[in-house]
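Computed over heavy atoms, backbone and side chain alike; hydrogens, waters and symmetry mates excluded.
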Amino acid sequence: QVQLAESGGGLVQAGGSLRLSCAASGRTFSVDTMGWFRQAPGKEREFVAALNWNSGSSFTTDSLKGRFTISRDNSKNTMSLQMNSLKPEDTGVYYCAARVGFRIVTRERNYDYWGQGTQVTVSS
């Protein structure tokens with residue numbers, strides 16, 4: 001099994017920045033792809049970004065490109081999401097996810113492991 005733990009969420013004013021981190025533990029050798037999803041109140045969980053752990057290749061959903069950047073830190077076995085120019089619409093619970101498989105996918109059902117989520121609140 002793989003355990004994922006998010007951190008870095010909080011309250012920020014519009015236009016500010018936050019950096020989320022996800023620490024992986026357990027059978028991490030089985031994980032090929034890691035990503036971020038988010039869920040706003042009353043809405044479905046949506047894909048944010050993902051990366052291939054070994055190659056570093058990444059993909060960020062079109063609506064967030066230029067503001068959100070996903071990255072990895074192999075020495076610490078962590079994944080990060082840098083969020084800049086935050087908007088109130090970015091408010092929600094952000095989840096770290098991982099899957100077995102090298103292909104980057106965007107559907108929630110394709111991911112095998114999930115963290116508990118971290119709250120991000122962007123005020124006006």
When rounded to the nearest 0.5 angstrom, what distance separates [atom1] in [X] from [atom2] in [Y]?
{"X": "Leu4", "Y": "Thr78", "atom1": "CG", "atom2": "OG1", "value": "12.0 Å"}
{"X": "Arg103", "Y": "Thr33", "atom1": "CZ", "atom2": "OG1", "value": "9.0 Å"}
{"X": "Leu81", "Y": "Thr60", "atom1": "CG", "atom2": "OG1", "value": "8.0 Å"}
{"X": "Ser25", "Y": "Gln1", "atom1": "OG", "atom2": "CD", "value": "11.0 Å"}
{"X": "Arg67", "Y": "Ser17", "atom1": "CZ", "atom2": "OG", "value": "10.0 Å"}
{"X": "Phe68", "Y": "Leu86", "atom1": "CZ", "atom2": "CG", "value": "5.5 Å"}

Derivation of the side-chain contact (heavy atoms from CB on, under 4.5 Å) call for Ser80 and Asp73:
CA-CA 8 Å; Ser80 297; Asp73 186 339; 6.0 Å; no
Quick one: closest heavy-atom pair of [X] and [Y], and the distance?
{"X": "Ala98", "Y": "Met34", "value": "CB-CG, 4.0 Å"}
{"X": "Arg99", "Y": "Asp112", "value": "CA-OD2, 3.2 Å"}
{"X": "Ser58", "Y": "Ile70", "value": "CB-CG2, 3.6 Å"}

Taking Ser57's backbone N and O only, do any of them form a donor-acceptor pair with Asn52's side chain (distance below 3.5 Å, no angle check)?
no
Using a 3.5 Å distance criterion without hydrogens, assess whether the side chain of Thr91 forms a donor-acceptor pair with backbone atoms of Val122.
yes
Each residue besides Val93 in its hydrophobic cluster should be listed here, by chain and number; the cluster joins Ile, Leu, Val, Met, Phe, Trp and Tyr at side-chain heavy-atom distances under 4.5 Å.
Phe37, Phe47, Phe59, Tyr95, Ile104, Val105, Tyr111, Trp114
Pairs meeting criterion disulfide (SG to SG under 2.5 Å) with involvement of residues 6-116, two or more places apart
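Found Cys22-Cys96.
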Among Glu46, Glu6, Glu44, whose salt bridge (charged side-chain N to carboxylate O under 4.0 Å, His left out) with Arg38 holds?
Glu46
Answer yes or no: are there more than 12 heavy-atom neighbours, outside Gln119 itself, under 6.0 Å from its atom CD?
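Buried by this count: over 12 neighbours within 6.0 Å.
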Would the number of heavy atoms belonging to other residues, nucleotides or ligands and lying under 6.0 Å from CZ of Arg19 be above 12?
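Check passes, neighbour count above 12.
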In plain terms, say whether Lys87 and Asp90 are close enough for a salt bridge, that is, a side-chain N and a carboxylate O under 4.0 Å apart.
no
